Amino acid sequence: GKTTLLRILAGQEFPSAGTVTGTGGGVCLVREDQTYPDTYRVAHALRAAALLQPHWSAEVARELVTAFGLPLDRRVAKLSRGMRS
């Protein structure tokens, strides 16, 4: 139940019944079991997110990449858990 609720709030799953409402703030759910193709690099993940998230901000993404020192050419599978988050 808890994981399902979090996935619904993060827009990763749709409810089969009922209604979920929020206060208008953003939600980000980082799953530790999320898998990426072995060749998938950080830049690929950002491009995919931009296509899938309707309110994606390339500017905010650039700021976060810089702030966290994410190497755009590194494979996602080789990132630490903190960097993947």
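Treat the numbers as computed from the prediction; the structure is a model and nothing was measured.
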Subject >> Derivation and outcome, side-chain contact (heavy atoms from CB on, under 4.5 Å), residues Val76 and Arg84 >> reply: CA-CA 7 Å; Val76 174; Arg84 280 195 311 269; 4.1 Å; yes
Subject >> Distance, nearest 0.5 Å, that separates CZ of Arg41 from CG of Leu46 >> reply: 13.5 Å
Original post:
Do Leu72 and Val65 have side-chain heavy atoms sitting under 4.5 Å apart?
Top reply: yes
Original post:
To the nearest 0.5 Å, how far apart are CG in Leu5 and CG in Leu9?
Top reply: 4.5 Å
Subject >> Partner set under salt bridge (Lys or Arg N to Asp or Glu O under 4.0 Å) for Asp38, not counting sequence neighbours >> reply: Arg75
Original post:
Quick one: NE2 on His44 to OG1 on Thr39, what's the gap to the nearest 0.5 Å?
Top reply: 7.0 Å
**OP:** Would you mind listing every salt bridge (charged side-chain N to carboxylate O under 4.0 Å, His left out) that reaches into residues 4-25, with sequence neighbours excluded?
**Re:** Arg7-Glu13
Subject >> Over all atoms of both residues, closest heavy-atom pair of Val42 and Pro71 >> reply: CG2-O, 3.4 Å
Original post:
Should Val60 and Trp56 be regarded as members of a common hydrophobic cluster, given that ILVMFWY residues are connected when their side-chain heavy atoms come within less than 4.5 Å of each other, either directly or indirectly?
Top reply: yes
Subject >> Linked, directly or transitively: Met83 and Phe68 (ILVMFWY side chains, under 4.5 Å) >> reply: yes
